[in-house]
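The structure under discussion appears below in the form of structure tokens.
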Amino acid sequence: MHSLRKDSTGNTPNAKTNITKMIEGRNLKPYIMNGKEFEPCQSKEDVIQRYDNWASAYDDDMVVERLEAPQAAAEYIKAYVPQEERVRARVLDLAAGTGRMGKELYKRGFRNFDALDPSKEMMKILEKTGLYTNKVVEFLGKEETSLPSNTYDVVVIVGGLLDGHAPVDSLIEMVRVARPGALICIAMREIYLEGLREFTHHYQPLEDKLEQERKWVKLERKRFPNYYRGEFGVLFPYKVL
Ligand SMILES: C[S@@+](CC[C@H](N)C(=O)[O-])C[C@H]1O[C@@H](n2cnc3c(N)ncnc32)[C@H](O)[C@@H]1O
């Protein structure tokens, strides 16, 4: 007989998803945020509803959960962009959430930020930072967004490119909005590379295709500690050609 007792994620044990099963052996909960599972099959509207509901608590939760990915991406971007160019460099923060990336880059000398995120409530918190000029409430995906082409010096996405969120096809849109010579910086949890459909099947083929088409060149694959709950993250930086 199944027990209806809830586990630490708030789910009943017999309602566990494949992702939960996949990670159980590692004692990790990489696909669980705010005690909720984000499932690959969820509709994008449902995902956004979760972020809308979470927005007011998100920043405090991320301190407790030790999400330090924005700091790691900001350090990489700082090292890439010469000091004298940082103030005027146009930065596009995709899946910007509450604007933690902007805050980290501001500390490192950047001043010129635009943001895209489909969650209105996350955007309301981001607006309060006062750092971002254009705030676009749209989904990043297969379709073109309303963002201008050939514009940004830095395009960054932290924690936004994963199943149920922005799909791997978004790489094409990132290249479109970046100007030649720009840096595209993608950060994600390392465990996603092994376990989530979007990456195991789609990421590398599209990454390679864009390289073969001379749209970008991959600079490196950089592993860094303390991405989330002390687990490793990975940065994928690309130079746009
Ligand atoms: C884990 S949060 C990361 C927020 C922020 N980058 C940070 O590091 O704190 C993921 C964000 O992705 C956004 N998101 C979800 N689906 C998306 C999509 N299709 N396109 C763009 N952003 C999306 C959510 O609204 C949420 O703000």
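One-based numbering along the sequence shown. Every number for a ligand or one of its atoms is a count from 1 in the order of the listing.
Using a 4.0 angstrom heavy-atom cutoff, M101 does not count as in contact with ligand 1. For P70, the heavy-atom gap to ligand 1 drops under 4.0 angstrom. Using 4.0 Å as the threshold, K44 has no heavy atom nearer than that to any atom of ligand 1. Heavy atoms of A96 come nearer than 4.0 angstrom to ligand 1 in at least one pair.
Checking only distances, L140 does come within under 3.5 Å of ligand 1, N or O to N or O. At a 3.5 angstrom cut-off on N or O pairs, Y51 does not count as close to ligand 1.
For the pair Y58 (side chain) and T98 (backbone), a donor-acceptor distance under 3.5 Å is absent. The closest donor-acceptor contact from the side chain of E190 to the backbone of R223 lies at 3.5 Å or more, if one exists at all. Remark: side-chain polar atoms of N134 are not paired, donor with acceptor, to backbone N or O of D114 under 3.5 angstrom. Side chain of R90 to main chain of V154: no donor-acceptor pair is present (N/O by atom type, distance under 3.5 Å, no hydrogens or angles).
Less than 4.0 angstrom separates some heavy atom of S119 from each of these atoms of ligand 1: 25 (O). If you number the atoms of ligand 1 from 1 as listed, the ones under 4.0 Å from a heavy atom of A166 come out as 16 (N), 17 (C), 18 (C), 19 (N), 20 (N). Residue contact check: M122 has heavy atoms under 4.0 Å from atoms 27 (O) of ligand 1. Close approach of ligand 1 to I48 is summarised as follows: ligand atoms under 4.0 Å from at least one heavy atom of the residue are 15 (C), 16 (N), 25 (O). Residue Y58 approaches ligand 1 through these ligand atoms, each under 4.0 Å from one of its heavy atoms: 1 (C), 2 (S), 3 (C), 4 (C), 7 (C), 9 (O).
For Y80, the side-chain contact (heavy atoms from CB on, under 4.5 Å) test picks out L183, L219, K239, with sequence neighbours left out.
No cation-pi contact links R189 to Y227, judged by a cut-off of 6.0 Å to the six-membered ring centre and 45° from its axis. For R221 and F236, the positive end is not near the middle of the six-membered ring at less than 6.0 Å and at most 45° from its axis.
A donor and an acceptor atom, one from each side chain of Y238 and E211, are nowhere located under 3.5 Å apart.
Evaluated by nearest non-hydrogen atom to atom 25 (O) of ligand 1, the leading choice among L116, V158, D117 is D117. The closest heavy-atom contact to atom 5 (C) of ligand 1, among the options P167, A95, G159, G160, comes from A95.
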What donor-acceptor contacts under 3.5 angstrom involve side-chain atoms of residues 67-78, with partners at least two apart or in another chain?
residue, atom, partner, partner atom, Å
E75, OE2, R108, NE, 2.6
E75, OE2, R108, NH2, 3.2
Y76, OH, E220, OE2, 3.0

